[in-house]
Amino acid sequence: MIRNSILLVILAIILIFNGGFAGPSKYEGKIVKKIEFLGLKNIDPDDLLDICITEKGFPLKASEIREDIKAVFKEGQFLDVKVEVEEYRDGVRVRFLCNERPTINEVRFKGVEELSDIEISEIISVKEGDVLQLDKLEKTVKVIKKKYEDEGFFNAVIKYQVEKVKDEENIVDVVYII
């Protein structure tokens, strides 16, 4: 009796952690009537529609939505992508809620004395028009530091600042301080 109770508890735990109690979405299989992308500031929604599997006029499939989220996020333009589904005109509306990364307006350098701005610009991978990725900024600091060391300036300290562009939404300047 105790042994059976323990087995039932273990089975219940396994089902809970594996999603065994989750049923299909109430929207699964309903016809997609509309697809929207909200939160876009610098990206054309048609570009995102092109990479999505889910299409208007076809049944909604959760597996396709998961793949669409991955594909949109993989573009590298977003901090976060979520999906909302709701009933809409005898079918469903799919909304992608996108949180875009800011776009870099300008890359500037302060404190450059031993090397020129042009020399540094040529060796870095962060460029105007790119989306802001902090890991790329960190790598660029290391590249600039190495350039200074290669030129014999071992005490150079390099850091960066991200500044919002006045009167612009989701646009920033990157300033490397040397």
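Residues Val175 and Ile124 fall into different hydrophobic clusters, defined by Ile, Leu, Val, Met, Phe, Trp and Tyr side chains chained together at heavy-atom separations under 4.5 Å. Neither Leu79 nor Val81 shares a network with the other; the hydrophobic side chains, linked directly or stepwise wherever heavy atoms of I, L, V, M, F, W or Y lie under 4.5 Å apart, form separate groups for each. Ile53 and Leu48 fall into different hydrophobic clusters, defined by Ile, Leu, Val, Met, Phe, Trp and Tyr side-chain heavy atoms under 4.5 Å apart, directly or through other members. Clustering ILVMFWY residues whenever any of their side-chain heavy atoms sit less than 4.5 angstrom apart, transitively, puts Leu137 in a cluster other than the one holding Val157. Val72 and Phe58 end up in different hydrophobic clusters when Ile, Leu, Val, Met, Phe, Trp and Tyr side chains are linked at under 4.5 Å.
For Lys61, the NZ atom is loosely surrounded, since the number of other residues' heavy atoms within 6.0 Å does not exceed 12. In Lys74, the NZ atom is not crowded: 12 or fewer heavy atoms of neighbouring residues, nucleotides or ligands sit closer than 6.0 Å. Within 6.0 Å of the CD1 atom in Ile118, the count of heavy atoms belonging to other residues, nucleotides or ligands does not exceed 12.
Atom CG of Asp80 and atom CZ of Arg101 lie 10.5 Å apart (nearest 0.5 Å). Rounding to the nearest 0.5 angstrom, the gap separating the CD1 atom in Ile178 from the NZ atom in Lys110 is 12.0 Å. A distance of 9.5 Å separates CG of Asp130 from CD of Gln77, quoted to the nearest 0.5 Å. In this structure, CD1 in Ile177 is found 9.5 Å from CZ in Arg108, a value given to the nearest 0.5 Å. Taking NZ from Lys34 and CZ from Arg89, the interatomic distance works out to 7.0 Å, rounded to the nearest 0.5 Å. With values rounded to the nearest 0.5 angstrom, Leu134 atom CG is found 11.0 Å from Thr140 atom OG1.
Residues Pro59 and Gly29 share a closest heavy-atom pair of CB-O, 3.6 Å. Nearest heavy-atom pair, Tyr27 versus Glu87, reported as atom, atom and distance to 0.1 Å: CE2-CG, 3.5 Å. Contact detail for Lys127 and Ser121: the closest heavy-atom pair is NZ-O, 2.7 Å.
Between Lys56 and Lys33 there is no side-chain heavy-atom pair separated by less than 4.5 Å. Between Glu100 and Leu40 the shortest side-chain heavy-atom distance falls below 4.5 Å. The side-chain heavy atoms of Val131 and Pro102, taken from C-beta on, include no pair separated by under 4.5 Å. Thr54 has its side chain within reach of Ile65: a pair of non-hydrogen atoms, C-beta onward, lies under 4.5 Å apart.
Salt-bridge annotation for Lys70 and Glu67: present, with a side-chain N of the basic residue lying under 4.0 Å from a carboxylate O of the acidic one. Between Lys147 and Glu151, at least one side-chain N (NZ, or NE/NH1/NH2) sits under 4.0 Å from a carboxylate O, which counts as a salt bridge.
Between Phe37 and Phe96, the gap from one ring centroid to the other is short of 6.0 Å.
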side-chain contact (heavy atoms from CB on, under 4.5 Å) evaluation trace for Glu119 with Ile123: CA-CA 7 Å; Glu119 286 178 281; Ile123 63 168; over 6 Å; no
Residue pair Asn105, Glu168: steps toward the side-chain contact (heavy atoms from CB on, under 4.5 Å) verdict: CA-CA 10 Å; Asn105 176 58; Glu168 293 286 340; over 6 Å; no
Evaluation steps, side-chain contact (heavy atoms from CB on, under 4.5 Å), between Glu64 and Glu55: CA-CA 10 Å; Glu64 289 181 355; Glu55 293 184 48; over 6 Å; no
side-chain contact (heavy atoms from CB on, under 4.5 Å) assessment of Tyr148 paired with Ile120: CA-CA 10 Å; Tyr148 267 81; Ile120 297 172; 4.1 Å; yes
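At least one donor-acceptor pair closer than 3.5 Å links the side chain of Asp173 to the backbone N or O of Glu106. In this structure a side-chain-to-backbone donor-acceptor pair under 3.5 Å is missing from Glu84 to Leu97. At least one donor-acceptor pair under 3.5 Å links the side chain of Lys145 to the backbone N or O of Ala156.
Donor-acceptor pairing under 3.5 Å is recorded for the side chains of Glu138 and Tyr160.
The list of salt bridge (Lys or Arg N to Asp or Glu O under 4.0 Å) pairs with a residue in residues 39-53, not counting sequence neighbours, reads Lys41-Glu169.
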